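The next block holds one structure in the form of C-alpha cells; read it before the comments.
When reading the values below, keep in mind they use all heavy atoms of this one structure, side chains included, and skip hydrogens, waters and symmetry mates. In what follows, chains carry the letters A, B, and so on, assigned in the order in which the sequence lines appear, proteins first and then strands, with residues in each chain numbered from 1. Owing to the predicted nature of the structure, the values given are computational and were not obtained by experimental measurement.
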There are 4 protein chains.
Amino acid sequence: MNFGSDNAYGVLPQVMEALARANAGADKPYGADAPTAALTAQFAALFEREVAIFPVATGTAANALALSVLAPPHGAIFCHAQSHIMVSECGAPEFYAHGAKLIGLEGADGKLTADALAAAIDALPRGSVHSVQPHAVSLSQPTELGTVYGLDELKAIAEVCHARGLKLHLDGARFANALAFLGASPAQATWQCGVDVLSFGASKGGTMGAEAVIFFHPPERGDFEYRRKKGGHLISKMRFVSAQLAAYVRDGLWLTAAARANGLAQDLATGLRSLNSIRIAVPVETNMVFADMPVEMAQRLRAAGALFYDWTPPRDGRVLTRLATSFATPKDDVAKFLEIARR
Amino acid sequence: MNFGSDNAYGVLPQVMEALARANAGADKPYGADAPTAALTAQFAALFEREVAIFPVATGTAANALALSVLAPPHGAIFCHAQSHIMVSECGAPEFYAHGAKLIGLEGADGKLTADALAAAIDALPRGSVHSVQPHAVSLSQPTELGTVYGLDELKAIAEVCHARGLKLHLDGARFANALAFLGASPAQATWQCGVDVLSFGASKGGTMGAEAVIFFHPPERGDFEYRRKKGGHLISKMRFVSAQLAAYVRDGLWLTAAARANGLAQDLATGLRSLNSIRIAVPVETNMVFADMPVEMAQRLRAAGALFYDWTPPRDGRVLTRLATSFATPKDDVAKFLEIARR
Amino acid sequence: MNFGSDNAYGVLPQVMEALARANAGADKPYGADAPTAALTAQFAALFEREVAIFPVATGTAANALALSVLAPPHGAIFCHAQSHIMVSECGAPEFYAHGAKLIGLEGADGKLTADALAAAIDALPRGSVHSVQPHAVSLSQPTELGTVYGLDELKAIAEVCHARGLKLHLDGARFANALAFLGASPAQATWQCGVDVLSFGASKGGTMGAEAVIFFHPPERGDFEYRRKKGGHLISKMRFVSAQLAAYVRDGLWLTAAARANGLAQDLATGLRSLNSIRIAVPVETNMVFADMPVEMAQRLRAAGALFYDWTPPRDGRVLTRLATSFATPKDDVAKFLEIARR
Amino acid sequence: MNFGSDNAYGVLPQVMEALARANAGADKPYGADAPTAALTAQFAALFEREVAIFPVATGTAANALALSVLAPPHGAIFCHAQSHIMVSECGAPEFYAHGAKLIGLEGADGKLTADALAAAIDALPRGSVHSVQPHAVSLSQPTELGTVYGLDELKAIAEVCHARGLKLHLDGARFANALAFLGASPAQATWQCGVDVLSFGASKGGTMGAEAVIFFHPPERGDFEYRRKKGGHLISKMRFVSAQLAAYVRDGLWLTAAARANGLAQDLATGLRSLNSIRIAVPVETNMVFADMPVEMAQRLRAAGALFYDWTPPRDGRVLTRLATSFATPKDDVAKFLEIARR
C-alpha cells in the first residue's frame with residue numbers, strides 16, 4: 001500500500017515497450033535522432049500549434065532551466081509560497097537563474113489569485129536597480145495540494161502577467177492529472193489561456209525519467225539549448241527519452257492513466273469522508289488526498305504496511321497526511337487502506 | 001556503418017532486461033530505493049573498498065558536479081587543453097563550480113605528463129588572492145584520443161597532485177575501454193594509483209543514461225548530494241538508473257563489451273594500416289581510430305553510408321577522421337568499411 | 001532640507017583630513033599597506049578581542065560577501081521580510097552565495113523575534129536534499145525602520161542560532177546609530193551577545209565609501225579574501241579606505257556623529273508629535289522618523305524644498321513618510337521643516 | 001624608490017581638491033547626483049560621441065561587469081593568455097559572467113594579432129551546444145607588458161570581431177599611458193578603431209578608487225546597471241567617484257600625468273640600457289620597464305630600498321624584473337635607482 005508518492009511506481013507497459021523498440025540499431029546522439037525529431041511534430045499536433053520541445057530527465061531541471069530563460073539574474077519570479085520550486089528544489093531555480101529571486105505568495109488551496117499576484121508585482125519598484133524586477137510567474141498545475149486552476153483562473157493570471165510584460169510558466173509535473181480533471185484539451189489548458197512555457201511532467205504519470213520543457217512561442221526559447229547543455233542535461237541517447245514521451249501521449253494514454261489515478265483518489269476520499277474521525281482538508285481534484293486523521297489511525301495504517309507522508313507535524317493527537325495515488329496503484333490497495341482505517 | 005560515436009547505439013540486452021525487472025511494484029523515490037542501496041555494496045566489492053557512489057544521467061553532470069566539490073569558486077582545475085571538460089561541455093564545470101577556472105595544458109596523444117602538470121601547478125602564485133588557486137586535476141581515461149594512461153603515469157600524476165594538496169579526478173566516460181586495455185582491476189586503475197574521484201561512464205558502454213560519480217574517500221563527497229539536487233540531477237525513479245549500472249558491471253559485462261569494441265577498433269586499424277594512403281595518427285588503444293585519409297576516400301565512404309567525424313578540417317586533400325566502435329557495432333560493418341576504403 | 005537618506009551628505013571633516021594625510025608618499029597596494037595593518041589592531045582594541053576586518057566600498061558588498069562565506073549554495077539565510085538584503089540589494093546575496101535562499105520573516109517594527117525565528121528554522125526539513133538548509137541569520141541593527149534590537153533580544157536570537165548550528169550576521173549599515181541608542185560598548189553589542197559577523201557600516205555615518213566586514217572569530221573568514229577579489233571588491237589603494245575607517249572611529253567620532261543624528265530625529269519626532277494631524281508610526285530610536293501625514297502636508301513640505309521618501313504609496317489622503325537625519329543635517333533644517341509642517 | 005606598481009602612490013592634487021569640493025552640502029545618492037550627471041556630458045565631449053558611463057571602484061569590477069554584459073553564460077571571451085583578466089583577477093569575469101569561458105591566446109609582447117585571433121574564433125564550432133560560443137574579445141591597452149596596440153592593429157582586430165558578431169572590449173587600466181604614447185585622441189583610440197566598450201582606468205593614473213565602464217553604443221549596456229547593483233558596485237556617495245573622474249580628465253590632466261610617468265620609464269630604460277649587464281626585454285612604450293638583470297644587481301637595488309617585482313623566477317643568475325613608474329614617482333628616484341644599478 002504505497003500512497004507515498006506517484007513516483008513510487010515504475011513505468012506504463014507501453015513506455016517499456018517503446019524503450020525496447022528504440023533500442024534497435026544506431027542513431028545520432030544528443031537529440032539529433034529520428035524519435036526526437038518526430039516528437040516535435042507529435043507535440044505540435046497535440047498542442048495544436050508550433051512548439052519548441054526539449055526533453056530533460058527531471059522536473060527540477062525542467063523548471064529551473066525554463067525559468068532561467070524567462071528571468072535574468074536581476075529578475076523576480078512569483079510563485080506560491082508552498083510551491084515545489086520554492087520549497088522542494090533546494091534552490092535550483094536560483095542557481096540556474098544566477099541569483100534571481102523567487103517571491104512566494106500565499107493563497108488558499110495552494111493557488112494564487114490574479115488579484116494577489118497583481119498586487120505583489122505592482123509592489124516592486126519598477127526600474128529601480130535596488131530591487132529585483134518582475135519577469136515571470138510560475139504556477140503549479142495541479143498545485144502541490146492537488147488542486148487545479150480553472151481555465152478562467154489561468155486566463156486572469158495570464159492577463160495580469162502579460163499586461164505587465166511577465167511570462168507565465170506552468171510547472172506541470174502532474175499536468176495529465178490536471179487535464180483529466182479539467183476535461184480540457186492540452187491547447188485549451190495552456191497557450192489558449194496564455195501560458196507561455198510548460199514544464200511537461202511525465203515521470204510521475206508513468207515514464208522513467210522523461211520530462212520536457214515546451215515553449216509555445218518557439219523564439220522565446222532564447223539560449224535554452226546552451227543552458228541545457230551547460231547544466232549537464234543534454235542526454236546523449238535522447239532517443240530513449242523522446243520515445244518514452246511519444247508513447248506516453250500516444251492515443252491518450254497519459255490522460256487515461258491520469259484519470260485512473262484521479263479516480264482512485266476520489267474512491268479513497270469518498271471512503272475516508274464516511275469516517276467521522278477524518279476530515280478531508282483540501283478539495284480532491286486530482287490524485288492527492290489530504291486527510292486530517294487521528295495520530296492513532298495513521299499509526300495503525302502504517303503498522304499494516306501503508307506508506308504515506310505527514311504533511312505537517314502531528315498536533316493535539318491529529319495529523320494532516322497526504323495520500324497519493326498513481327497510474328499503477330492497485331485498486332485493492334485503496335479498499336484495503338479504507339478497511340484498516342475503518343477498524 | 002555508424003562509426004560516429006559510441007553513443008550512437010542503444011543499450012546492452014542485459015541492461016534492457018534489468019529495466020524490465022526494475023519496473024515491478026513500488027519503491028521509494030529519489031534514491032532511497034533498494035536497487036540504489038544495493039549499488040553501493042556492489043561497487044564497494046567491485047572497487048575493493050568503501051565508496052560513495054552517486055548515479056546521474058549524463059557524463060557532463062558527473063564531471064561538473066564532481067569538480068564543483070573538489071574546487072571552490074576561486075579554484076583552478078588542471079586538465080588537457082583538448083579534454084572533454086575543456087572543449088565539449090559548454091563550460092558546465094565553470095557553471096557548477098561558480099566561476100572556477102579550467103587551465104588547459106598541452107600534451108602528446110591527449111595525455112598530460114606529471115612534469116608538465118607539476119610545472120603548471122607551481123607556476124600559479126600560491127596564496128595570492130589575485131590568482132585562482134590549484135585545487136584539482138582532471139584526467140580523461142581513456143583520453144579524447146582514445147589513448148590510455150598507464151598505471152605508472154597515473155601514479156606519477158597522483159603524486160604530483162597529492163604532494164601539492166590537489167585532488168585527482170578521472171573522467172571515465174569510456175572507463176571500461178581503458179580497463180580492458182590495461183588489463184588491470186578497477187581498484188588497481190583508480191584509487192590504488194591515487195585517483196580520488198571517478199566519473200564512472202556507462203552510457204557509451206551500453207546503458208541508457210546512466211553514469212555515476214564515485215568518491216573513493218567517502219567523506220570527501222562534501223555537499224555533493226545537495227549540489228546534485230540543486231543541479232536538477234536527482235532522478236526521482238533512480239532505481240532504473242541504479243538497475244542499469246548494476247547490470248552493466250555484473251559478471252564483467254562492461255569489460256566484455258568494452259573489449260569487443262576495442263577489438264573492432266584494432267581490426268579497423270589493422271585493415272586501414274594496410275592501405276598506403278592512410279596514416280593512423282594516434283596509437284589505437286581503445287575504441288577510437290584516428291585515421292588520416294584522402295578527402296576523396298572519406299567522401300567515398302560517406303557516400304556508401306559510413307558515418308564518422310572529421311576531427312580537424314580537411315587540408316591539402318587529406319583529412320583527419322575519427323572512427324569510433326562500440327559494444328554493438330556490427331562486425332560486418334568493419335569489414336564493409338575496409339572494403340569500401342580499399343576500392 | 002534633505003531628509004531623503006543619511007547618505008545624502010558627504011563626509012566628516014576628520015575623514016577628509018585623514019584622506020589628505022593618507023595621500024603622502026607611496027605604500028603597498030591591495031591592503032598590504034600600513035594603514036590597513038593598523039586598522040586590524042585598532043578594531044581589535046575597539047571590539048576588545050581579536051578580529052578579522054576587511055574593508056570594502058559598499059554595504060551591499062559587505063553583506064553579500066559576508067553571507068557567501070556563512071552559507072553554501074544550498075544554504076538558507078533567515079532575515080526580516082523587509083530587510084535591506086531582502087528588498088534593496090537586487091539579489092546580491094543570492095548572486096554571491098551562488099543561489100542560496102533568503103527566507104524573509106515578518107516581525108513588528110522591522111524586528112525578528114527569537115521565537116518566530118526558531119519556528120522558521122525548525123520548519124525546514126533538516127538533512128533533506130530537497131530543501132535548502134539553515135546556515136545563517138542576518139539581522140539589521142538598527143532595522144530598516146530605525147528600531148534597535150536590545151541586547152537581550154540579540155542574545156536570545158543568537159542562542160536560537162547557535163543551538164542549531166547557524167551563524168549570526170549583523171547588517172550594521174547604521175551600526176553607530178544603534179550603539180548610540182543602546183549606550184553599549186561595541187563588544188557588548190556584538191560578540192558578547194553572540195554576533196559572529198558584522199557588516200560595519202560607515203558611509204551613512206560620515207565616510208566616503210568605506211565599510212568593513214568584521215569576523216569576531218577570525219578563522220571563520222574562510223575564503224573571504226578570495227571572494228572579495230573575485231567580486232572585484234579588493235580596492236588597490238585600500239589605504240584610503242582604511243584611513244577613513246580609522247578616522248571614523250578614532251576618539252569616538254562615529255558615536256558622537258551618530259548621537260547628533262539620533263538627536264535631530266528626536267527633535268523632529270517631538271515637533272511632529274505635537275501636530276494633531278501626524279502620527280509617528282514606529283518608535284524613534286535612531287535617525288529615522290516614520291511619520292504618517294496628510295498628503296497635503298507632504299506636498300507642502302516638498303514644495304518648500306524638503307526631500308524625503310514615501311515609505312508606502314498614499315492612501316485615503318494620507319501617506320507614510322520616512323525622514324532621515326544624518327551627522328551633517330543642519331539643525332536649522334529641522335526647525336524649518338517643523339515650521340512648514342505647522343502652517 | 002617604489003617601482004612596484006603605479007598604484008603605490010596616492011592621488012593627484014587636483015583629485016584631492018575635487019573631493020574636498022564635492023563634500024559640500026547634500027545630494028542624491030546612488031549616482032542620481034549632479035556630478036555624475038555632469039560626467040556623462042563631460043565624457044561625451046571627451047570621446048566626441050554619446051556614451052554611457054558607469055563609475056565603479058575597481059578595475060576588476062569594471063572588466064568583469066563589462067564582460068558579463070557582452071557574453072552570456074555559454075559565451076567565450078578571447079584575450080591574451082597573460083592578460084590581467086586571465087591571470088590576475090581570480091576568475092572574476094567567469095564569476096560575473098556565470099561560468100563563461102576566457103580563452104587565452106599567446107602573442108608576442110603581450111599583444112594579440114588579428115590573424116591569430118581570427119583563427120582562434122573560427123576554430124570554435126559555431127552553433128554547437130557542446131562548445132562555448134564566441135561573443136567578445138578583450139584587449140589590454142596598454143598590455144600587461146606595457147606595450148601598446150597601434151591604431152591599425154586595433155582596427156584590424158575590431159574588423160575580425162565585428163565580421164564575426166563579437167564585441168571588442170578594452171581593459172584600459174592604464175589607458176592614459178597608452179594614449180600618451182599613441183598621441184591619438186580618445187575617440188581615435190577607441191570607437192573610431194571599433195572598440196565597443198572601455199574599462200576606463202583612473203586609479204593607476206592618479207585617483208583613489210575611481211574607474212568607469214564606458215559603452216560607446218549606449219543601448220549595448222543591456223542590464224549593466226542591475227548587474228552593477230547586484231555585484232555590490234553601486235556606490236552610494238557616487239558623487240565622490242564622479243568628481244574624481246571629472247578632475248582626472250579636466251584640462252588634459254590625465255594625459256599630462258601619464259606622459260610624465262611614460263617619460264620616467266624612458267629615462268629609466270635609457271639609463272639601464274647603458275649598462276652591459278642589463279637587457280630591456282620588452283619595448284618600453286608606456287610606464288613599464290621589463291629589465292632582465294643579474295640577481296646580484298636586483299639584490300643590491302632592493303638592499304638600497306628599491307621596490308619592484310620579479311616578473312619570472314630567477315634563473316641562471318639572472319632575473320626578469322618589472323619596474324613601474326607613475327604620475328607621482330619622484331624624478332630623483334629614477335636617478336638614484338640608476339646610480340645604485342651602476343655601482
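A cation-pi arrangement, defined by a distance under 6.0 Å to the six-membered ring centre and an angle within 45 degrees of its axis, is present between C:Arg302 and C:Phe308. For the pair D:Lys229 and D:Tyr30, the distance from NZ or CZ to the six-membered ring centre is under 6.0 Å and the angle to the ring normal is within 45 degrees.
Atom CG of residue D:Asp171 and atom OG of residue D:Ser138 lie 5.5 Å apart, to the nearest 0.5 angstrom.
A parallel orientation is assigned to the rings of C:Phe54 and C:Phe224, their planes being inclined by less than 30° (bins at 30° and 60°).
At distances below 3.5 Å, not a single donor-acceptor pair connects side-chain atoms of C:Arg239 with backbone N or O atoms of C:Gly31.
At a 4.5 Å heavy-atom cutoff, the contact between C:Thr207 and chain D is made by backbone atoms alone. Contacts of C:Phe95 with chain D are made by both backbone and side-chain atoms, with heavy-atom separations under 4.5 Å. Only the side chain of D:Phe240 comes within contact range of chain C, with at least one heavy atom under 4.5 Å from a heavy atom of that chain. For chain D, the nearby part of C:His98 is the side chain; its heavy atoms alone come within less than 4.5 Å. For chain D, the nearby part of C:Asn2 is the side chain; its heavy atoms alone come within less than 4.5 Å. Proximity to chain D is limited to the backbone of C:Leu234, based on heavy atoms less than 4.5 angstrom apart. C:Met16 touches chain D through its side chain: at least one heavy atom from C-beta onward sits under 4.5 Å away, while N, CA, C and O do not.
Judged purely by distance below 3.5 Å, without hydrogens or angles, the side chains of C:Thr60 and C:Asn63 never pair a donor atom with an acceptor atom. Judged by distance alone, the side chains of C:Thr329 and C:Ser326 do bring a donor and an acceptor atom under 3.5 Å apart. A donor atom on one side chain and an acceptor atom on the other are not found under 3.5 Å apart for C:Ser199 and C:Glu211.
Counting heavy-atom pairs under 4.5 Å between each of D:Ala57, D:Gly59, D:Gly4, D:Gly91 and chain C puts D:Gly91 at the top. Contacts with chain D were tallied for C:Gly25, C:Gly209, C:Ala22; C:Gly25 has the most, counting heavy-atom pairs under 4.5 Å. Heavy-atom pairs under 4.5 Å with chain C peak, among D:Leu307, D:Leu19, D:Val56, at D:Leu19. Contact count against chain D (heavy-atom pairs under 4.5 Å) is highest for C:His233 among C:Lys204, C:His233, C:Glu94, C:Glu89. The candidate with the highest count of non-hydrogen atom pairs below 4.5 Å against chain D, out of C:Ala328, C:Pro330, C:Ala62, C:Ser203, is C:Ser203.
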